[in-house]
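So the structure is just underneath, and the comments pick up after that.
What you see below is based on every heavy atom in this structure, not just the backbone, and it leaves out hydrogens, waters and symmetry mates. Quantities reported herein were computed from a predicted structural model and do not represent experimental measurements.
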Amino acid sequence: AHEQLQAGETLYAFLDDIYVTVSPERVRPVYDLLSEQLFNHTGIRLNTGKTRVWNGAGQLPPNLTSLGSDVWVGNPARPTREQGLTVLGAPIGHADFIQTQLQQASQAHTGFLQDIPALDDLQASWLLLLFCASPRCNYLLRMLPPLDTTQYAQDHGTTLPWHTASPLCLTPDRSPQQLLPLHTSH
């Protein structure tokens, strides 16, 4: 299918996700081409339940409605918090959509962070923070412009220290500085 794309069109595939950047008038022809090629070569059909189309201009691509009402997520008639799609975990679309997705990610991260202190193993807690909590946040911070992630980063920055401190029995009223002896040099 890649050879049949026109200049400026791009196909991305990652495991079971396929992303295509094309002009609005080419969405349906490229969708049909992908559908046919994928089935002919692998026996797999595109999942219309997961198919999403968005563009910043809010221009409805021709012949798209037959794929279903949930496919066109760039419709200006939709609430702005629903105008967008997620590409490999990163939200793309209207600013309100991006902020909604970041708020949901922040809530999920907070829930994850709140569960870590319940572990009896300090080393396991630290490893979860190091290899799960930080990468989750850093991924979105790297994928999106700083202007879009300011509030998300601030929320993460204020939440993380107390969740990392709680396995160490630190609380906002007992900071690490209060627990460690002061060392001064003369």
Side-chain angles (χ1 to χ4, degrees), residues 1-113 115-116 124 127-146 148-149 152 156:
H2 203 277
E3 314 78 47
Q4 296 177 5
L5 295 176
Q6 296 178 358
E9 297 179 341
T10 312
L11 170 70
Y12 305 94
F14 183 77
L15 299 177
D16 66 340
D17 293 329
I18 300 172
Y19 304 97
V20 184
T21 56
V22 297
S23 61
E25 62 276 356
R26 292 273 299 148
V27 169
R28 187 56 192 252
V30 170
Y31 176 88
D32 293 339
L33 171 68
L34 280 173
S35 181
E36 177 187 336
Q37 294 289 323
L38 188 63
F39 185 75
N40 289 343
H41 291 286
T42 66
I44 298 172
R45 297 197 186 280
L46 289 178
N47 183 350
T48 55
K50 289 179 65 177
T51 300
R52 298 292 179 266
V53 175
W54 174 83
N55 65 49
Q59 180 183 353
L60 173 65
N63 305 315
L64 195 66
T65 53
S66 63
L67 294 178
S69 60
D70 291 340
V71 172
W72 173 230
V73 294
N75 186 348
R78 289 176 85 106
T80 54
R81 69 183 180 282
E82 296 176 9
Q83 292 180 29
L85 50 89
T86 303
V87 176
L88 297 178
I92 297 172
H94 192 281
D96 292 344
F97 174 79
I98 292 171
Q99 290 309 308
T100 299
Q101 296 300 305
L102 289 173
Q103 288 168 359
Q104 290 173 358
S106 184
Q107 290 169 356
H109 294 180
T110 299
F112 174 72
L113 291 171
D115 290 341
I116 289 177
L127 291 172
L128 284 171
L129 289 168
L130 181 65
F131 293 115
C132 297
S134 291
R136 284 179 174 188
C137 179
N138 289 342
Y139 178 75
L140 289 171
L141 293 175
R142 289 180 179 160
M143 293 294 290
L144 299 168
D148 291 344
T149 59
Y152 174 76
H156 187 74

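Note that the OG1 atom of Thr21 and the CG atom of Asn55 stand 12.0 Å from one another [nearest 0.5 Å]. Rounding to the nearest 0.5 Å gives a distance of 14.0 Å between OH of Tyr12 and CD1 of Ile18. Taking CD of Gln4 as the start and CD of Glu9 as the end, the distance is 11.0 Å to the nearest 0.5 Å. Within the model, atoms CG of Asp16 and CG of Asn47 stand 9.0 Å from one another, a figure rounded to the nearest 0.5 Å. Ile116 CD1 to Leu127 CG: the interatomic distance, rounded to the nearest 0.5 Å, is 10.5 Å. Rounding to the nearest 0.5 Å gives a distance of 7.0 Å between OG1 of Thr149 and CG of Leu102.
With a 4.5 Å cut-off on side-chain heavy atoms, Leu141 and Tyr152 count as touching. Proximity of Leu129 to Leu113: side-chain heavy atoms (C-beta onward) are separated by under 4.5 Å at one or more points. In this structure the side chain of Pro91 reaches within 4.5 angstrom of the side chain of Leu140, judged on heavy atoms.
The minimum heavy-atom distance linking Trp72 with Trp54 is given by the pair CZ3-CA, 4.0 Å. Across all their heavy atoms, Gly93 and Ile98 have their closest contact at O-CD1, 3.6 Å. Closest of all the heavy-atom pairs between Leu88 and Phe14 is CD2-CD2, 3.5 Å. Annotation for Val20 and Val22: closest pair CG1-CG1, 3.4 Å, computed over non-hydrogen atoms. The minimum heavy-atom distance linking His109 with Cys137 is given by the pair CE1-N, 3.9 Å. When all heavy atoms of Arg28 and Ser66 are compared, the pair lying nearest together is NH1-OG, 2.7 Å.
Under the side-chain hydrogen bond (donor to acceptor under 3.5 Å, both in side chains) criterion, Tyr31 pairs with no residue at all, not counting sequence neighbours. Not a single side-chain hydrogen bond (donor to acceptor under 3.5 Å, both in side chains) links Ser69 to another residue, sequence neighbours left out.
In terms of modelled atom types and a separation under 3.5 Å, the side chain of Ser134 and the main chain of Leu130 share no donor-acceptor contact.
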Kindly indicate, with the supporting measurements, whether the criterion side-chain contact (heavy atoms from CB on, under 4.5 Å) is fulfilled by Asp17 and Lys50. CA-CA 9 Å; Asp17 293 329; Lys50 289 179 65 177; 3.6 Å; yes
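Across Asp32, Leu38, Val30, a single residue satisfies side-chain contact (heavy atoms from CB on, under 4.5 Å) together with Leu34, and that is Val30.
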Could you pull out all donor-acceptor pairs under 3.5 Å where a side-chain atom in residues 79-86 meets a protein atom, sequence neighbours excluded?
| residue | atom | partner | partner atom | Å |
| --- | --- | --- | --- | --- |
| Thr80 | OG1 | Asp96 | OD2 | 2.5 |
| Gln83 | NE2 | Asn75 | O | 3.4 |
| Gln83 | NE2 | Arg78 | O | 2.8 |

